[in-house]
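Note sheet for the following structure.
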Amino acid sequence: MSFRTKLFLVFLITVLASVSLVAYGVTHYTQAAFEEMDAQRTDALVAQFQKEFAQRGDEVVHQVENIANAEITLRMALDLARPNADPSLYVHDATGAAQDHGLDFVEFVNADGTLISSAQYPARVGYKSEWVTAEKDWKDSKAFLKKEELPDGVALSLTVVRTLPVGDKNFYIIGGRRLDQNFLASLVLPAGMRTLLYRNVEPGFVPSALTDAGGEVAQADRFAPIIERIQRSSEPVVQTVNWTTNPADAETFHANGLTGRSKELLGVLLVGSSRRELVTLTTHIFEIAGAVVAAALLVGLLISLWVAARITKPVEELADGAREVAAGRWDTHIRVRGSDEIGQLAGAFNEMTLTLAEQKERLVQTERVAAWRELARRLAHELRNPLFPMQITVENLQRARQLEISSSWKFLTSPPPHCARSWRI
Amino acid sequence: MRILLLFSSPRAFIFSLRFLYLIFFAGVFLAADVPFSRAQNPEDTVRGLARRVAEIRDLPEKVAVEWTNVSSLPEPESIILREAFLKELSNHRQVVVTETSAALLHVAVRETPTNFLVVARVATSAGEEVRMAGMARTAFLPVMTRGNGLRLAKQLLWQQAETILDTGEFAEFPVGGLPGDAVNGAANSVMDIFILKPDAVAIYRDGGERLSEIQELPFVGVVGGYKYASRGLRGEMHRAKDGSVAVTLPGLNCAMRGPGAAGERWSMQCVAVTTTVEATAATAENAQVPTLSSSCDASSWRLIGEATDWTQADRLLLVNAEMKREEAVATVDFAGPVRRVAGTADGRSALALVFNLASGSYEIYRITMVCGR
Amino acid sequence: MRFIVLRWFAGGRLFSAAVATVLACTGGFAAAATTPRYGGTLLVELHAPSLVLDPVKWKIGAPEYAASAQIASVVFDRLLTLDRFGRFQPALATEWSHDAGWRRWQFSLRSGVLFSDGSPLSTADVAGALQELLAEGSPGKAVVTAAGTHVVVQFPSAVPDLLEQLASQRYFIYRRAADGALLGTGPFFVKEFTPAPSGTTIARYRLAASEHCWAGRPFVDALDVNVGVPVLRQLFDLQLGKADVVEVSPDLVRRAAQENLRVWASAPVSLYALQVGADTASPGKGGAAQLASAKVGLGEALSLALDRATMANVLLQRQAEPAASFLPQWLSGYAFIFSSASTMGMGNNVARAKEISGPLFAGASGPAVASPTPLRLRIDAGGDLAKLIAERVAINARQAGIPVQVQPHSLTRDASSGNAASGEKTAETAGLRLVSWRYSSLSARAELDAMVATLQIDKAADEKEKSVEDAEQLYARERRLISERELIPLVVMPEYIGLGAEVRDWMPERWAEWHLADVWLDGKRTAGSSAGAQR
């Protein structure tokens, strides 16, 4: 593995590790923050439900008192207090009262507990409602949850009872608002949240007893563990239900038991917050982190490449230079980049090759000088032999000149034999 | 009395003959041992029932008979049947006692749309035994009776099963006399009671105990093509200004003139008219005033009725001009709707035409005011 | 209140004095003439979604055809009618006779009777209609022949109550045209039909008076029959004077009375009964015999548990009567025997019912809702009333430890398209059925036969028993049927009709035959005969 690769890998790993670390950290803490926020929101919703519940209860109280104070009710109570009164006269009165006062359930009960009129279950007329007469004083009693039997099943009702004293007897007015999907639909919920109501009318879990604001709940049997836990302990339960393998489809449910007057469990309110947002956010963060990591990897790769290239290039040049030098090219010169250690090394290398080259030159010069000297020595030897005749000739010429010029030229055109030889050399 | 009613008019006579024919017809087949009988003498039917009751096995020797009539059968008829039943029961070795300790034989008279049903029930050791006998309701035709009342007295003058459209009391006299003299004339002349039936006007004279028919004037033949099978009970009589008695019927207007001299009879002339025009035209004429006077006081009294349809028993209320209905000083009840109240010539009484809901017969009452209670 | 016009014949002086008196004192009284008036349009509102004027198409006992029968009775005539005093009155037939064995009946036809199109009624028309109507149904298969002015009806067995039958139910005389349309001889004929505009359910039939009706022209010019009108709307229309004759639902009768509306009640003509289905006793699946005994036990427990008195007197506000028999008292004459507690166990006996139902529904003794498989109670008829009765039955049954679940009408309608058709299906489907039956015959025997045949309650019927019956035999048969507890009578209910203030001479039979042709209108609306046409 080359130094460059090593260097590259080291760089790369370092970048990756640090980016991942940061991404993880951000994701983790964001998720935790969101979870916290979600829990707070659910708490707020439960609180809102309680408030709404109380408010509805007050409304029902108000409406039932209105019915109790109506003259028609008073007249009915007075009439029914008479001996041999005909209750059949009033069979439909509860329906009218319910319509007039916007209540889902209205019942009139005689002093002995006999049901005189029922808006929600007219067929029950004539049967006794002993729970009403069992309570001594209904005055100022608040709304409470009650299981209401209806022709097509059982409903939960937010019920209020008021009495109308006629002589020493009481006439009872029972009014209620149905706790059902409409009630749930009237709750204002942030996006991604929903409320479900389980009517606890039978032991064990009955899927059809579970409704949300839209009516029937799909895969209701998935709630069985939650409901059963509440049925056992009545303690609030928080549980996440994974609807599919996709975690985004999961929902976290905060389940609270709703109890009646004698603390019996009548229903369970489930506030579900979808984990989709959370999961989406987390996924988003993960995706961003991934993208960042990938980008970092790419950039790191490039930078590493570049940096590694930048760092290893002079070294490689040095190595090449050294290899050149080793190959005998003494005059190898490498570029010097910067003044760092590598630059200095390159400079030193260059100096080294320079010195090496100079020394080689000098050696060559010395050898050349020696050769020239030998040549000269041999030349001198050669030269001395012709020179002497030449000297005589020159002397002769000098003397000839002095004598006549023309004759000299003849002399020159026919050199002596020594001279001819010397030209060939 | 029943026979009298049967022959109260030719049509009734024909009707009765038809009915008797039916009885006879059915009677013949009864002899052929057909268990389902339509018509039989009611007393015989009840006697037959008594015999069958006596034949019940385990029937105690002593029985107390509780006879109840929960039907429209007139009580006198019920009593006749009861007596026949008890007598027949005694004839069959049953001792009828009144002690409450004895076995109780419940006998109830009930009715179906066509029959009266006498149901006898007795508890025996084998459980309750039930015997029944049915008799056609048509076996009991309306019976003439007379009645009295107090402050407003009603007196039944006439009763028949056939439709009566209108009634009125008219004096024979006024021929030639001015209408204004009618009162004086009436005082001197004979008053006849006119009964307007779908097919004829019958004239009766009140003979104190009973009405006797003196004349009947049928419409058929008077005007060619007149068909009296008309829907509804419309048709009325009133004294016209020329002294004649005007009769308006669907498709027919008639005028009846009284006898000019003793021994003569009423005569009638008729003209055919369109079906729908006459009755509405007659209404305005009819909007005359109902008053009733008496020697009790000097004021004018009116009779007002209450019923608006044929399902309710009616009553007439006596009020004067200032009174409201609620303040009526006297009432007289009837067993059905009052179809018409017609004043009489002397103003002392009125004739009320009543449809008896219980018997299905038409009855004419004379309503008079009686002083004191 | 009516002001009866006393007519005064005395003459001018008293006449004018009397006129003065009446003018002076009309303040407190609304003067109304008793003389029938012609003209006007009678507005009739019916709840039924449509009219079926073809008698052959009616299902016997089905309440949905009752309104059609009422309107059919003004379009068609019968051979004879029965009045409220038990007298057969001639209608299209003027005379009738029968042979010794009650098998051969002969009717003489009234002459000169015309159909609404002006063509004369012939014996062939009568024979054709009777042949069609007698082809099926209780009197048995008849051969009807026309002979001169007579129509002869020949039955294979004795039919002593033929007159009662022909005077009631669907035995109208009509002529069937080639296209299937029916012509009648009655006082009215259907002149025009306006289908319900989209978005509403109210269709209108206009029936015009027949000028040449043999019994005389009816008083009103026309009948406007609106069908598909909701019951509450009918009451409002009556109050507002927009209708003259309306059906008043029994639960609205009190209200109508409080508002001073005229309401006429017939004799009880509707029966609500509980039919115990064949395989209801699901716990005992151990073979046919066990099943049958379980069914009888269930029937007995149910009839002991049912609280009919409260149902009729409180729940239905005394607008119905507790029923202990299939046939009403007015029809059979003996029904009161069943009503007495000694023979029927009318008073509800929950303790005894529990004892009987205990073994059938072992384990269901706890709260009723926790029971394993509740019996389904299907409701045949629509409407709140049937639902109310069914719910009461369910409550009563639960008190006796019999778990019962009411199935709303909308769910059951698909399963049983009608009373008669659903007969076969009854045996297949489990549970109970709330049957609503409308009496239509004046013959008690025919009515019971029709009920038995339609509801298939008497599978082990003795053929001999079905032959000629007198009241006592009929009683014995009905007692046996009641003791079998396949059909438990609950309540009988009259028909209530609200009448407008201007309606005069409303003269119905107590078995709810209206006689609309004899009704006339008083007041402004009859002022001109064109007034009706203008509305």
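It should be emphasised that the depicted structure is a prediction, and the values quoted were computed from it without experimental measurement. The analysis underlying the following values was restricted to heavy atoms, covering all of them including side chains, and did not include hydrogens, waters or symmetry mates. Proteins come first, then strands; the chains are lettered A, B, ... in the order of their sequence lines, and each starts at number 1.
- Residue C:Glu509 does not touch chain B at all, counting heavy-atom pairs closer than 4.5 Å.
- Only the side chain of B:Val119 comes within less than 4.5 Å of a heavy atom in chain C; its backbone stays farther off.
- The contact between C:Leu331 and chain B is made by backbone and side chain atoms together, counting heavy-atom distances below 4.5 Å.
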Handout entry: Steps toward side chain to side chain contact (heavy atoms under 4.5 Å, CB included) verdict (C:Ser441, C:Glu164)
Key = CA-CA 7 Å; C:Ser441 183; C:Glu164 283 95 331; 5.8 Å; no
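- For B:Arg110, there are no side chain to side chain donor-acceptor pair (under 3.5 Å) partners two or more places apart in sequence or in a different chain.
- Heavy atoms of other residues, nucleotides or ligands lying less than 6.0 angstrom from CZ of C:Arg104 number 12 at most.
- For an aromatic pair to be called close, the ring centres must be under 6.0 Å apart, and C:Trp105 with C:Trp96 fails this.
- Contact of C:Trp330 with chain B is made through backbone and side chain together, with heavy-atom distances under 4.5 Å.
- Partners of B:Ser72 by side chain to side chain contact (heavy atoms under 4.5 Å, CB included), not counting sequence neighbours, listed by chain and number: B:Glu111, B:Phe116, B:Arg137.
- For a residue to count as touching a neighbouring chain, one of its non-hydrogen atoms must lie under 4.5 Å from one of that chain's; by this rule B:Ala358 touches chain C with the backbone only.
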